[in-house]
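Beneath this line is the structure, given in structure tokens, with notes to follow.
Only a predicted model underlies this, so the values are computations on that prediction, with no experimental measurement involved. The basis for the numbers below is simple: all heavy atoms, side chains too, and nothing from hydrogens, waters or symmetry mates.
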Amino acid sequence: MAVSSEGTAAPAVEAPLTLREAQAFEADSDSRAGRLSFCTKVCYGIGGVPNQVASSAVAFYLQLFLLDVAQISAAQVSLVLFGGKVFGAAADPLAGFFINRSRRTGSGRLMPWVLGCMPFIALAYFFLWYLSPFNSLRGLWYMTFYYLFQALATFFQVPYTALIMLLTPNPRERDSGTAYRMTMEMAGTLMGATIHGLIVSGAHGSQRCEEATFPGQVAVAPSAARLYSIAAAVVAVTYPVCSGLLCLGVKERPDPSATAAGQGLSFLSGLCLTVRHPPYLKLVISFLFISAAVQVEQSYLVLFCTHASRLHDHVQNVVLTILVSAVLSTPLWEWLLQRFGKRMSAFGICGIVPFAILLAAVPTAPVAYVVAFVSGVSIAVSLLLPWSMLPDVVDDFQLQHQHQHGPGLETIFYSSYVFFTKLSGAGALGISTLSLDFAGYEAGACKQAEQVVVTLKVLIGAVPTCMILTGVCILMVGPTPKVPRQDTPRPRSLRRRTSYSLA
């Protein structure tokens, strides 16, 4: 207000806002309206812990359990691992199909899926590690529960990761919530292998074979089966505990875009479009090799330390070194991605190559710890890089096909990427485990044949090396996708990308 010469207050004439000031004011109002509390972000992050805890334990120890404790043949283990991964891959589009068509309830549209899957996935995980009382049907027992676990884990993870979209309309708060989730999931990955490994460490010590009368197959010790059951129960309990905290601390909001967005593409129609986009096709093919190499390295490291070297007593520490180095190096890789670019950072994945070969040639404890540290650093960038490059690919597609295919296409980019990487992991683990059967792997034996030792060295050294080098070479070929400038308006739907992970 201004004061006139008569001393009365006269209304001031305010200059009209410019377009840029109006946009800034609107953005500031939106940011204040959708702000998430610290408690909500923490509870949302905690919800992702159980799947990461369970997946970490499965990645490092399931193969060893099936071969040496459950004592099923390597051919059956190959079928279990391959079929489970395929089930998990097939469940991704199915989960999206059913969840997108579900109705909102009193607790929301996504939360009922998380809470409904929780008790069943906990039971499936526990019985996956329970020594089947039916000796002749053990292969079928573990096949059933591993398939169930993989499918249920997908139906748990898909609505959970998408939940951030219904917590706030603010893109910055979504990014912040996603950062909390990824931090908690990293902690869960570290906790899973650590807790499970500490509990079952007594089941695979060198004394197990020293006490055996014959060097061949050793009967399953009741203590070993009991240790695995205890570890499974501890991990299974994290599902109800963390899901309860998620439900108490997170309030799902109605989705205003559900009715306004219109009908999007079906998964198959969108998939046909995405696979014809060259930058996406190059990214998927390259990380099919890289992600498969990482899964093979994780799965066979414990077996290699147990049967191809004298590192029985160092297994838990080696696994812990990998995970700690991966967690600690992730912020460094995030900075390097910004500083030197994503294609240059991809060469960091190759750091594992000479050390993996060194471990196969010189399997000693000092070498194993050095290899574990470098492996963790390389694994961190191999997991971080695709999720950093996928948004650029989606943006490049949107620039070339603006407003031509309706909403939701970016969802198909992410779900199809997860689908293909799971299939590649299924093939790699299935074929590699079958190679152990051809080499004469004897389930439960204290000493394996020399052909098995050579096969394990190839699987830990040559196989990941070839796949990583192939994937990185494919990634380096061709131009990089076009990325819009920061001041370029982008469709609101592209902000959905922050709600997906490789889980």
Side-chain angles (χ1 to χ4, degrees), residues 30-55 92 95-96 98-122 125 152-192 235-259 261 387 408 410-411 414-415 418 492-493 495-503:
D30 290 343
S31 64
R32 290 195 300 267
R35 193 173 298 278
L36 297 176
S37 67
F38 172 76
C39 180
T40 298
K41 294 176 184 178
V42 170
C43 289
Y44 173 68
I46 289 175
V49 169
N51 256 0
Q52 301 304 315
V53 171
S55 298
D92 272 292
F98 287 115
I99 292 170
N100 285 336
R101 283 158 177 75
S102 61
R103 295 183 178 181
R104 181 176 174 83
T105 65
S107 57
R109 187 168 65 91
L110 300 178
M111 190 68 76
W113 285 92
V114 175
L115 298 179
C117 290
M118 177 264 296
F120 299 104
I121 191 174
Y125 181 83
L152 289 169
T154 300
F155 274 85
F156 181 95
Q157 189 73 14
V158 168
Y160 164 70
T161 52
L163 186 61
I164 189 65
M165 300 301 302
L166 302 184
L167 298 185
T168 173
N170 190 321
R172 290 187 178 180
E173 289 299 297
R174 289 174 179 173
D175 290 344
S176 178
T178 302
Y180 275 79
R181 172 177 68 83
M182 295 183 69
T183 301
M184 291 293 184
E185 287 181 346
M186 286 182 181
T189 301
L190 184 60
M191 288 168 51
V235 173
V237 166
T238 62
Y239 278 99
V241 172
C242 295
S243 299
L245 291 173
L246 174 68
C247 184
L248 291 175
V250 171
K251 179 66 175 177
E252 182 179 332
R253 299 181 181 183
D255 186 5
S257 64
T259 56
W387 300 108
E410 73 285 349
T411 303
Y414 282 79
S415 60
V418 174
R492 181 180 184 87
S493 62
R495 293 168 184 171
R496 294 171 65 97
R497 70 191 185 199
T498 59
S499 66
Y500 293 89
S501 74
L502 190 57

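Judged by distance alone, the side chains of Asn51 and Tyr239 do bring a donor and an acceptor atom under 3.5 Å apart.
Put simply, the side chain of Glu252 gets close to the backbone of Met111: a donor and an acceptor are under 3.5 Å apart. Remark: side-chain polar atoms of Tyr160 are paired, donor with acceptor, to backbone N or O of Gly48 under 3.5 angstrom.
Annotation: side chain of Leu246 is not in contact with side chain of Cys43 (no heavy-atom distance under 4.5 Å).
Closest approach of Gly116 to Phe120, counting heavy atoms only: O-CD1, 3.2 Å. Taking both residues in full, the closest heavy atoms of Trp113 and Pro159 are given as CB-CG, 3.7 Å, listed atom of the first, atom of the second, then distance. The nearest pair of heavy atoms linking Leu167 to Leu36 is O-CD2, 3.6 Å. Residues Met118 and Ser243 come closest through the heavy atom pair CG-OG, 3.5 Å. The minimum heavy-atom distance linking Val250 with Thr40 is given by the pair CG2-O, 3.9 Å.
Rounded to the nearest 0.5 Å, atoms CE (Met184) and CE (Met191) are 10.0 Å apart. We find the SG-OH distance between Cys39 and Tyr44 to be 15.0 Å, quoted to the nearest 0.5 Å. The OG1 atom of Thr168 sits 9.0 Å away from the CZ atom of Arg35 when rounded to the nearest 0.5 Å.
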**Item:** Step-by-step side chain to side chain contact (heavy atoms under 4.5 Å, CB included) determination, Thr189 to Ser55
**Value:** CA-CA 8 Å; Thr189 301; Ser55 298; over 6 Å; no

